[in-house]
Amino acid sequence: MRRSNLPAELNRFVGRTAEQDALAALLRTSRLVTVVGVGGVGKTRLALRTAAEAQKRYGDGVRLAELAPLRDPDLVAHALAEALGLTDHTPRPPHEALVEHLAERRVLLVLDGFEHLVESCAPLVRELLAHAPGLTVLAAGRRPLRVAGEAVFPLAPMGEADAVALLAERAAEAGAPVLPGVPVLPAGAGGRGAAADPGGPEGTGAEGAGAEGAGASGTDASTSPTRAPSSRAPSEVPDSVRELCRRLDGIPLALELAAGRLPLLSAEQMLHRLDDRFRLLADGERGALPRHQALRTAIGWSHELCTPRERLLWARLSVFAGPFDLEAVEYVCGGRELPPERILDLLGGLLAQSLVSREDTPAGPAYRMLGTVAAYGAEWLAALGDTERMRRRHRDWYMGLATWCELEWFSPRQREVAARTDVALPNLRAALELCLELPEDAYLAQHLAGTLWFAWAGCGRLSEGRYWLDRALALDSGHLEARLKALWVLGYVAILQGDGTAAVAALHECGERAGASGNALAEAYATHRMGCLALLTDDTARAEELIGRALDSYRELGELNSNVLMGQVEVAMARAFRGDLEGAVALCREVREVCEERGELWTRAYALYVLAYAAWTRDAYGEARGLLTECVSINHAFHDLVGLVLAIELLALVTASEGNPAEAAVLQGAAVPVWEAVGVRLFGSASFGGPGELCEARAREALGAEAYEEAFREGRGLSADAVVERALAGRRDPAGGGPAAPRPFRTGRPAGVPGTRKPAGSPTGKGGEAAG
């Protein structure tokens, strides 16, 4: 886990020096601090800046959980686990995994945009704080959590000096200096106001970086000249600028929106337009309006200044949750009124007005509409009577994206699929929610939940996948094919969670109904998964028989994908457990060749794993280490904890064989917390446990019990990233001596090859992985 996932600031943080100092002081004395204030007042930006500057006090990092895109309160715990980098494969409730994960860590958790989920968020925060003494929570929302011990930090709008400085700086970024005489500084200059290094952020420009005020602009500070931030307004500030800031009530988001218009309108012209709008809303009264009214006025005024097509795009963009790319916008929002070829220019117009922000994601450039602005657009979309149609178009796009990702999982684009799925997750959740809301779309919920098997099993989201599959299968869709797919995927997920009872129930229903209806492909999947369960429970003869039968069916159906290849690896496992290493190696070499030809990585890692074990039995430790480090790298990239922990344990045995028992003990200790996240250690299998047992015996003998336990404890305290870094570094201790190279061990059964995690495919029958 990286120490921080805070987004990089895209432009300079302006003003708020006193507020930042006060919030930082409060954070040093309280374990739960909630920044509250009206929309657009700058809660998120202030919280993120304060968290970035405080992160040195938190040894296990600072993590941001953005909750605004969520609609389902049951997903809050899943979102927190994702933000914390927690991959939990067990069937236990996610809040229990969170408690265990945080119990002995020192973490600052930033919660943003929780107000609509407070009823589910507050009890979870209370539980985490009670059981994790090293946890501190910094929340930003429009109302408090009302949890015992909460320190509430009300954030008022900016004072005149800060408001003028912000307006001036953002106007200069937009190319319209409004304060002649204030020097323009290069980006990054300016003491406290300059962007802080958040300690290696994972992303840039997330909604949290500007959704609630100053900093909402998408301008890149590395290329835009900006004015120096100031805690005092310049002495020569035009009266029109002061009055504009006063009229906008010092609300940062309103000021940013106004700054985006200054290249087109003078401050005097903007004041005149605001006066007209205030009179309309205030029924002619010139008195101060409520602050939420001031923001709404500023947003509505920006709306009026947009072209008709920009307004329509604004309304339609409100259906997106989280980041979206240009292709998604063209499909979802395009039509007769908004020709797709005009979308880019219109989106650019909204971007220039700070109504949309741009960010770079692991999947490429993306856009995001600020939460307050999206809410305004949603009202207009509802007034147009077009909300349901647009939500369906949004769902259709993301169902298509899920199908494409499933097909491309068996291709050189596997890493791209994982990245795109990660970025699209908020929108995929929104699509699943819509399918579950509408009874006539229950079959789509089952199909989509099944199609996303690679996201649940391949990218470390078993717990969330189980949640969606259970909900979808609780409905009577009336579509057998969609139900069969969801059933075998549920069976697969349950197996990986160690829930054999649920797996057998789902796979039995799938097999029975598939056989009765003549769906040979779904029946093959059910058979295959039952074979996986047999493999994990040491019934290797039955495992080889069932998986072999499924492989025969796949061949008859002309199927070739990750699932078929993994089936071959699983048969190799069964053979190796029974002592047929030659047969196991032959199968895995064949799989390796196909994976190299197709650019497939995930299944390749498991084939390499078996080959690494075979190399160890030949005393070819260098070869084994090279194969295993590649396994570790691939499995870590895909958040595949089972593959990762098995590779680490075998690497520990190789390390001990190379004569470094101390490092072997460290690696064994490092495997423990990973197994805790997986669930039942080694799935209760004696066959899978052989390498670990031999490694421990040899390391204890070489080191002595006390030294072994000390090294083991060191490993257990390492983070997942640290373990991977250590494993890939291939540490050795030439001075440590060591026994002669060992021969394969024998324990009551032939040498055990460590196990595998099997991917579920959903083949189309022609080399894809789409339908089940």
Side-chain angles (χ1 to χ4, degrees), residues 6 13 15-55 57-58 62-68 70 73 76 79-80 83 98 102 106-159 162-163 207-215 249-254 290-295 371-372 375:
L6 300 182
F13 186 88
R16 296 291 201 193
T17 300
E19 292 93 331
Q20 188 178 342
D21 289 341
L23 181 58
L26 195 57
L27 203 58
R28 285 191 289 269
T29 59
S30 301
R31 293 182 57 217
L32 171 59
V33 180
T34 304
V35 182
V36 298
V38 298
V41 79
K43 301 182 294 294
T44 298
R45 189 73 185 262
L46 179 65
L48 292 181
R49 165 52 69 100
T50 305
E53 294 199 344
Q55 66 179 332
R57 300 202 307 271
Y58 300 93
V62 178
R63 311 296 294 183
L64 168 65
E66 296 181 283
L67 302 182
L70 296 184
V76 170
L80 296 194
L98 285 169
L102 291 169
R106 185 168 176 77
V107 173
L108 174 60
L109 176 60
V110 183
L111 303 181
D112 185 38
F114 63 84
E115 52 270 352
H116 61 302
L117 301 166
V118 71
E119 299 303 326
S120 59
C121 194
L124 179 58
V125 168
R126 183 185 301 114
E127 182 180 8
L128 294 179
L129 289 171
H131 293 90
L135 172 67
T136 299
V137 176
L138 175 58
R142 300 191 187 188
R143 56 173 171 158
L145 283 164
R146 301 201 182 283
V147 172
E150 178 181 28
V152 178
F153 186 90
L155 184 61
M158 284 180 153
D162 281 352
E207 183 179 16
E212 289 286 359
D249 235 342
I251 295 176
L253 178 55
R291 281 166 179 150
H292 72 275
Q293 186 82 313
L295 175 61
T372 308

Determine, step by step, whether V35 and F153 satisfy the side-chain contact (heavy atoms from CB on, under 4.5 Å) criterion, reporting the C-alpha distance in whole Å, the side-chain angles of both residues, the deciding distance to 0.1 Å, and the verdict. CA-CA 5 Å; V35 182; F153 186 90; 4.2 Å; yes
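- At least one donor-acceptor pair under 3.5 Å links the side chain of R143 to the backbone N or O of E115.
- Residues forming a side chain to side chain donor-acceptor pair (under 3.5 Å) with T50 (at least two apart in sequence, or on another chain): none.
- Shown here are the side-chain contact (heavy atoms from CB on, under 4.5 Å) partners of A51, two or more places apart in sequence or in another chain: L6, V62, L108, V110, L138.
- Nearest heavy atoms, S120 versus P73: OG-CB, 3.4 Å.
- When every heavy atom of L80 is checked against every heavy atom of A65, the shortest pair comes out as CD2-CB, 3.5 Å.
- One finds the CD1 atom of I251 at 11.5 Å from the CE atom of M158 (value rounded to the nearest 0.5 Å).
- Scanning both residues, Y58 and V107, for their nearest heavy atoms gives CD2-C, 3.7 Å.
- In this structure H116 satisfies the side-chain contact (heavy atoms from CB on, under 4.5 Å) test together with R71, sequence neighbours excluded.
- Separation of atoms CG (L117) and CG (L124) is listed at 11.0 Å; rounding is to 0.5 Å.
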Quick one, F114 with V125, criterion side-chain contact (heavy atoms from CB on, under 4.5 Å). Give me CA distance, side-chain angles, the key distance, then yes/no. CA-CA 11 Å; F114 63 84; V125 168; over 6 Å; no
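- Atoms CG and CZ, on L135 and R63 in that order, are 13.0 Å from each other to the nearest 0.5 Å.
- In this view, A140 and K43, A47, D112 satisfy the side-chain contact (heavy atoms from CB on, under 4.5 Å) rule, not counting sequence neighbours.
- For L145 against A139, the heavy-atom pair with the smallest separation is CD1-CB, 4.3 Å.
- The shortest side-chain heavy-atom distance between P144 and E150 falls under the 4.5 Å cut-off.
- Applying the salt bridge (charged side-chain N to carboxylate O under 4.0 Å, His left out) rule to E19 yields the partners R16; only residues at least two apart in sequence or on another chain are considered.
- Every residue meeting the side-chain contact (heavy atoms from CB on, under 4.5 Å) condition with P123, not counting sequence neighbours, appears here in chain and number order: R126.
- We find that R49 and E53 are joined by a salt bridge, their nearest charged nitrogen and carboxylate oxygen being less than 4.0 Å apart.
- In terms of heavy-atom proximity, H131 sits nearest to P133 at O-CD, 3.5 Å.
- Of all heavy-atom pairs between S30 and V33, the closest is CB-CG2, 3.8 Å.
- Judged purely by atom type and a 3.5 angstrom limit, T29 uses its side chain to pair as donor or acceptor with the backbone of L26.
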Any chance you could lay out the side-chain contact (heavy atoms from CB on, under 4.5 Å) test for V137 and T34, step after step, and finish with the verdict? CA-CA 8 Å; V137 176; T34 304; over 6 Å; no
